[in-house]
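Any value given below was found using the heavy atoms of this structure, including those in side chains, with hydrogens, waters and symmetry copies removed. Here, residue 1 is the first one in the sequence, and each next residue gets the next number. What you see is a predicted model, and the numbers here were worked out from it, not measured in a lab.
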Amino acid sequence: MFFEKIEFAPADPILGLTEAFKKDENIDKINLSTGVYQDEFGNTPILKCVKEAEKLIYDKENSKSYLPITGLASFGTLTRELIFGKDSDLVNNQEAITCHCPGGTGALRVGADFIKQQNISTKIWISDPTWANHYQIVESAGLKFERFPYYDRKTRTLAFDKMMDTLSMANSGDVVLLHACCHNPTGIDPTYEQWCEIAKFLKEKKLLPFIDFAYQGFGLGLEEDAKGLRAIVDECKEVIIASSYSKNMGLYSERVGALTVVCQDKEQAKKVESQVKIAVRTSISNPPSHGELIVTTVLSDKNLRALWEEELYVMRTRIKDMRKLLATKLEASGAGNYNFILEQNGMFSFSGLTQAQVEALKEQFSIYIVGSGRICVACINENNVDKIVSAISSVINIEE
């Protein structure tokens with residue numbers, strides 16, 4: 001038999017928790033492990049701008065034929081405007097190419113495949129901790145990875161000096177994978193001054209930046225969240241960027257991501273694009289159209305763009321409000337000072353909870369948190385925050 005030796009794969013550290021949560025019969029269960037935005041009622045809403053865009057698409061769409069391998073040209077232009085800024089030369093000077101990929105994950109995988117297939121490098125340096133899927137994507141593409149320290153658990157801040165010291169051991173030609181903003185899982189980002197130092201370091205060491213930009217607009221704002229990435233692009237003439245519309249437009253199921261490659265000149269960009277097309281062709285052949293049309297419609301329509309930015313502001317502000325509420329209530333409960341949560345950005349917070357405490361929250365209170373202690377702040381609301389605080393206060397003294 002062909003499949004008799006196949007064994008069960010280990011559960012995904014996040015998706016496995018979601019499955020366990022679904023099976024939990026406790027009516028008061030809370031899932032803080034998932035990576036999606038939820039409103040004050042615990043729903044993951046469809047944005048109004050998306051609904052309006054879909055109406056326009058429905059009225060105008062007259063074909064379901066294939067898109068170009070890299071997606072619509074207008075999608076690429078609008079994506080580059082968002083990443084680099086509307087006035088950037090990289091939007092239209094043909095030195096940067098953009099390819100629509102199935103979500104940010106798809107963009108990361110196509111980028112990793114491109115690196116491997118073109119023998120650009122064999123090793124990618126990845127922050128420790130990071131989104132767990134980064135490691136699997138890199139390995140599945142046939143590349144090796146090294147870890148560099150990122151988070152100081154004692155001070156609950158960025159371990160910047162250790163990070164730079166470790167990266168100094170990288171060899172010229174290695175790739176460094178960086179989170180542009182809203183670092184997953186810690187929520188801790190470099191300051192702009194640190195980004196500038198990182199950018200100069202990458203240039204001097206001749207390291208290739210591979211930037212995961214999954215949360216633009218969920219940290220400080222669309223422009224503010226891009227500052228670190230733009231600092232790197234100002235220094236480094238070759239950069240790979242994987243971006244996503246899953247979070248900032250709520251298009252999780254539509255799988256709309258983009259791989260953008262910054263090149264030294266137009267001729268190099270043409271060659272890169274031809275090889276990226278091969279990487280796409282041999283994996284998905286052509287990108288899906290509906291989500292791409294939504295993004296293109298929203299970003300190109302003045303009124304829908306304004307509505308989107310308003311809705312994005314509401315989401316970003318609600319997350320910040322929940323950070324404040326959680327920290328305030330935890331301190332009031334006697335659980336300790338949690339003001340460090342306020343220094344973190346985006347959907348996630350490194351709570352400082354241990355594996356044993358996380359397990360106790362699940363077993364005793366049906367509160368599901370990733371083993372690292374990462375909490376999705378976007379899943380907290382005024383209806384569940386008191387239960388979360390009471391449960392954390394109850395397990396806080398449990399030792400590993």
- Taking only residues two or more places apart in sequence or in another chain, which ones pass ring-ring contact (aromatic ring centres under 6.0 Å, His included) with Tyr150? His183

- Task: Tell me, with the steps shown, if Lys55 and Asp59 meet salt bridge (Lys or Arg N to Asp or Glu O under 4.0 Å).
- Result: CA-CA 6 Å; Lys55 291 177 184 177; Asp59 289 338; over 6 Å; no

Side-chain heavy-atom pair [X], [Y] within 4.5 angstrom cut-off:
X	Y	result
Met164	Gln194	no
Asn286	Arg281	yes
Arg147	Ile126	no

Distance, nearest 0.5 Å, that separates [atom1] of [X] from [atom2] of [Y]:
X	Y	atom1	atom2	result
Ile375	Ile369	CD1	CD1	4.0 Å
Gln275	Ile120	CD	CD1	9.0 Å
Ile232	Lys203	CD1	NZ	13.0 Å
Trp125	Leu208	CH2	CG	15.0 Å

Looking just at side-chain N and O atoms, do [X] and [Y] make a donor-acceptor pair shorter than 3.5 Å?
X	Y	value
Thr79	Thr98	no
Gln136	Asn133	yes
His179	Thr130	yes
Ser63	Ser65	no

Shortest non-hydrogen contact from [X] to [Y]?
X	Y	answer
Ile137	Trp131	CD1-CZ3, 4.1 Å
Ala199	Ala231	CB-O, 3.5 Å
Thr166	Pro149	OG1-CD, 3.2 Å

- Item | Phe213 ring center near Tyr215 ring center (under 6.0 Å) | no

- Just checking, Lys387 and Phe365: is the charged tip under 6.0 Å from the six-membered ring centre and within 45° of the axis? no

- Task: Flag this pair as yes if the NZ/CZ of Arg153 is under 6.0 angstrom from the six-membered ring centre of Phe350 and inside a 45 degree cone about the axis; otherwise no.
- Result: no

- Task: Give the intermediate values and the outcome of salt bridge (Lys or Arg N to Asp or Glu O under 4.0 Å) for residues Lys23 and Glu19.
- Result: CA-CA 7 Å; Lys23 295 176 182 178; Glu19 289 301 313; 5.5 Å; no

- Are the side chain of Arg323 and the backbone N or O of Ile341 linked by a donor-acceptor pair below 3.5 Å? yes

- Message: Taking Asp234 first and then Arg230, would you say they form a salt bridge - that is, a charged N and a carboxylate O separated by under 4.0 Å?
- Response: no

- Query: Going by an N to O cut-off under 4.0 Å, is there a salt bridge joining Lys270 and Glu273?
  - Reply: no

- Item | Neighbour count >12 (heavy atoms, 6.0 Å) for atom CG, Asn337 | yes

